[in-house]
**Student:** 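My questions all concern the structure below.
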Amino acid sequence: MSDNPPTRSPQRLLQDIWGYPSFRGMQLPVIEHVAGGGDALVLMPTGGGKSLCFQIPALLRDGVAVVVSPLIALMQDQVAALHELGLRAAFLNSSLDAASARRVQEQARAGELDLLYMAPERLLAESGQRLLGQCRLALFAIDEAHCVSQWGHDFRPEYGQLEILRERWPEVPRVALTATADIATRGEIAQRLLRDDARLFVSSFDRPNIRYRVVEKRDGRSQLLQFIREEHPSDCGVVYALSRNSVDEVAAMLAAHGIQALPYHAGLDARVRQLHLRRFLDEDSVVMVATIAFGMGIDKPDVRFVAHLDMPRSIEGYFQETGRAGRDGLPAQAWMAYGLADVVQQRRLIELGEAEDAYKRLSSAKLDAMLALAEAADCRRVRLLAYFGEASTPCGNCDNCLQPPQWTDATEQAQKLLSTVYRCRQTSGTSFAAAHVIDVLRGKHSDKVRRYGHDALSTFGIGADWSEQDWRVLLRQLVAQHLLEVDSQHYNVLRLTATSREVLRGTRRVGLRRQSRAPAGRGRRAAQAGTQAAPLAASDAPLFDALRGWRGDIAREHGVPAYVVFPDATLRAIAAARPRDLQQLRAISGVGDKKRDSYGESLLRLIAEAGEPAAEP
Ligand code: ADP
Ligand code: ZN
């Protein structure tokens with residue numbers, strides 16, 4: 001055995017193989033710990049760089065590293081990416097035919113693989129266990145480890161059985177990785193999968209390149225269309241909607257407006273779904289419109305925006321879904337349209353659900369936290385991070401930091417609204433929905449107002465100084481805070497709650513958040529500033545486009561996603577630096593030895609053909 005020649009240091013591997021100048025955050029300490037034989041639980045946000053935490057130890061230790069991953073489509077891409085880097089990797093899952101599977105098993109037994117990706121059911125099957133028994137094992141990496149947790153939202157029974165690894169191979173180090181942070185889940189992962197002396201590595205959950213925005217929902221779909229057209233015209237993105245129906249409709253609507261949008265949900269034929277997933281992964285500017293069934297572990301680094309047409313039911317969900325934007329570290333946006341219907345709908349889903357009471361209470365507490373985030377007038381990032389136990393200061397990259405909303409005391413208006421709800425019911429013996437209550441407040445002589453004689457109420461017309469929209473915003477905020485209820489089982493009528501009285505009596509104050517209107521034209525400029533951290537000089541754009549075209553050809557030829565050849569960030573850097581020789585090219589982040597050898601000559605030719613950029617004025 002060689003005694004660790006200096007060329008095998010983690011830093012050397014990072015530079016030679018990946019072409020990256022330095023480690024990020026906790027990567028190096030994790031790598032050293034696992035390479036040294038220790039167990040580790042690694043919590044890093046999406047895009048934090050978890051893969052290197054097991055890929056480099058896999059190269060540093062003898063034997064094959066077994067990577068357990070729940071998603072077949074991803075395994076294939078990860079293995080393709082490793083091949084592009086010149087590493088010896090393979091996968092075993094149900095997509096392989098028998099002959100290919102046999103070949104992979106032989107390679108593993110012969111010690112010809114550095115990394116072997118396996119679906120959990122494959123690993124747990126008798127044949128899988130036998131295979132592992134015949135291999136020299138470097139380590140186990142368990143990706144998406146939160147799937148082991150019964151309480152988590154992604155529980156997978158096969159993951160529960162992974163405890164067997166600890167029993168059968170106590171001496172082989174294990175590293176469990178996840179982007180889901182909560183404390184209970186952490187405990188469960190450690191207890192089921194890791195040794196007692198496992199180390200916990202938690203990195204910051206901040207995703208500074210993501211700009212968080214919540215807009216008031218009026219007509220969500222046209223707002224979405226405008227957002228994509230103005231700010232992300234040819235970008236890759238994900239749009240989340242709650243129901244399959246609305247996924248289909250929104251995808252069709254966007255496509256009708258010339259956006260390359262595709263639907264994705266569990267109701268689609270498996271082949272169609274697979275095709276849409278491939279196009280999303282392989283192409284540069286597909287917008288996937290999906291239910292939340294889509295996305296776990298999606299590795300595509302250049303997703304420039306994640307848009308929510310319906311509010312997620314928890315901050316965990318919101319964080320995980322928005323986290324799929326901007327894994328490459330370049331600016332990206334998390335955009336959500338939010339309105340009263342979201343509050344009503346989510347509360348209703350919890351109420352009608354068949355879960356036990358304890359679970360319902362937990363779900364409603366999670367929903368309330370999400371609502372508080374949506375209604376917040378202060379920095380959204382500070383709140384998000386606080387939810388995961390991390391203290392921070394205002395970020396300067398969320399809507400509330402960039403355009404602070406007005407925050408005014410609206411206790412008196414709230415009293416007017418609540419007492420109108422009360423009086424309508426008292427005089428007519430029945431409850432009314434928002435539209436009618438607002439008509440009364442604003443002094444509108446509608447048919448219904450006349451029919452019920454509500455123009456005689458003492459509150460008739462006392463809110464004429466506010467627009468209907470103002471009243472709706474206040475109403476939504478009251479509902480979000482449980483100061484007013486919408487009965488979705490019964491014509492969406494409004495009802496007072498136990499806490500409404502506190503407002504009516506004046507013992508509880510109510511604030512009102514008003515979105516400041518963006519000055520005309522601001523949207524577009526802000527978006528451009530947002531989409532390009534190190535803006536690509538206009539003179540470099542043609543070369544960048546040529547590089548993207550070249551990358552598309554290579555990707556098709558090799559049958560791999562474009563980003564596996566080179567991520568956008570690397571192409572951008574190449575376009576800006578215009579290297580003249582292989583050495584200069586190799587110095588660019590993301591160009592390792594293998595990619596220099598495979599693509600260097602053709603890249604240099606392309607750069608030479610592009611010539612010098614036109615001098616900037
Ligand atoms: P995660 O699995 O945590 O979501 P990945 O391992 O897929 O994240 O890494 C996200 C992106 O960041 C990938 O494109 C990866 O190549 C890149 N990356 C990881 N570590 C580094 C680093 N030290 N320097 C530069 N880029 C990195
Ligand atoms: Zn902020």
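Just follow the structure's listing: the first ligand is 1, and inside any ligand the first atom is 1. It should be emphasised that the depicted structure is a prediction, and the values quoted were computed from it without experimental measurement.
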**Student:** Answer yes or no: does an N/O atom from S589 fall short of 3.5 Å to an N/O atom of ligand 1?
**Tutor:**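 S589 vs ligand 1: no N/O contact under 3.5 Å.
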**Student:** Report the angle formed at the Zn ion (ligand 2) by atom SG of C395 and atom SG of C398, rounding to the nearest 10°.
**Tutor:**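 Seen from the Zn ion (ligand 2), SG and SG are separated by roughly 110°.
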**Student:** Report yes or no: does M44 have a heavy atom closer than 4.0 Å to ligand 1?
**Tutor:**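 No; M44 lies far enough from ligand 1 that no heavy-atom distance drops under 4.0 Å.
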**Student:** Using a 3.5 Å cut-off on N or O atoms only, is P301 in polar contact with ligand 1?
**Tutor:**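 Between P301 and ligand 1, no N or O pair is found under 3.5 Å apart.
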**Student:** With a 4.0 Å cut-off, would you call R586 and D581 a salt bridge?
**Tutor:**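 Between D581 and R586 there is no salt bridge, as every charged N stays at least 4.0 Å from the carboxylate O atoms.
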**Student:** Using a 4.0 Å heavy-atom cut-off, which part of Y20 comes near ligand 1: side chain, backbone, both, or neither?
**Tutor:**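 Only the side chain of Y20 comes within reach of ligand 1.
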**Student:** Step by step, would you call F227 with F305 a ring-ring contact (aromatic ring centres under 6.0 Å, His included)?
**Tutor:** CA-CA 10 Å; F227 165 71; F305 70 91; 5.6 Å; yes
**Student:** Would you say A179 contacts ligand 1, with heavy atoms under 4.0 Å as the rule?
**Tutor:**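 Under 4.0 Å: no for A179.
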**Student:** Determine whether any heavy atom of D328 lies closer than 4.0 Å to an atom of ligand 1.
**Tutor:**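 In this structure, D328 fails to qualify as a contact of ligand 1 - no heavy atom is under 4.0 Å.
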**Student:** Spell out, as yes or no, whether a donor-acceptor pair under 3.5 Å connects the side chain of H33 to the backbone of D39.
**Tutor:**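 Judged by distance alone, yes, a pair lies under 3.5 Å.
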**Student:** Is ligand 1 less than 4.0 angstrom away from at least one heavy atom of A569?
**Tutor:**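 No, A569 has no heavy atoms under 4.0 Å from ligand 1.
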**Student:** Please verify the inter-ring angle class for F280 with F294; under 30° counts as parallel, over 60° as perpendicular, anything in between as tilted.
**Tutor:**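 Rings of F280 and F294: perpendicular, as their planes differ by over 60°.
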**Student:** Please determine whether a side-chain nitrogen of the Lys or Arg among D553 and R548 lies less than 4.0 Å from a carboxylate oxygen of the Asp or Glu.
**Tutor:**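 No, no charged N to carboxylate O under 4.0 Å.
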**Student:** What is the nearest protein non-hydrogen atom to atom 1 (P) of ligand 1, stated with its residue, atom name and distance?
**Tutor:**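 Sorting protein heavy atoms by distance from atom 1 (P) of ligand 1 puts R327 NH2, 3.3 Å first.
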**Student:** Once the angle between the rings of Y318 and Y212 is folded into 0 to 90°, is it parallel (under 30°), tilted (30 to 60°) or perpendicular (over 60°)?
**Tutor:**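 Geometry flag for Y212 against Y318: tilted rings.
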**Student:** Checking side-chain polar atoms at under 3.5 Å, does R213 have a donor or acceptor matched by the opposite partner on N400?
**Tutor:**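 Short answer, no.
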**Student:** When you compare ligand 1 with G47, is there at least one nitrogen or oxygen pair between them that comes in under 3.5 angstrom?
**Tutor:**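 Yes, at least one N or O pair falls under 3.5 Å.
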**Student:** Measuring centre to centre across the rings, with the benzene-like ring taken for any Trp, is F319 within less than 6.0 Å of F388?
**Tutor:**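 Yes, the ring of F319 comes within the 6.0 Å limit of the ring of F388, centre to centre.
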**Student:** For atom 10 (C) of ligand 1, is there a protein heavy atom at a distance under 4.0 Å?
**Tutor:**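 Flag for atom 10 (C) of ligand 1 set to true, protein heavy atom closer than 4.0 Å.
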**Student:** Strictly under 4.0 Å, does any heavy atom of G48 approach an atom of ligand 1?
**Tutor:**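 Yes, G48 has a heavy atom closer than 4.0 Å to ligand 1.
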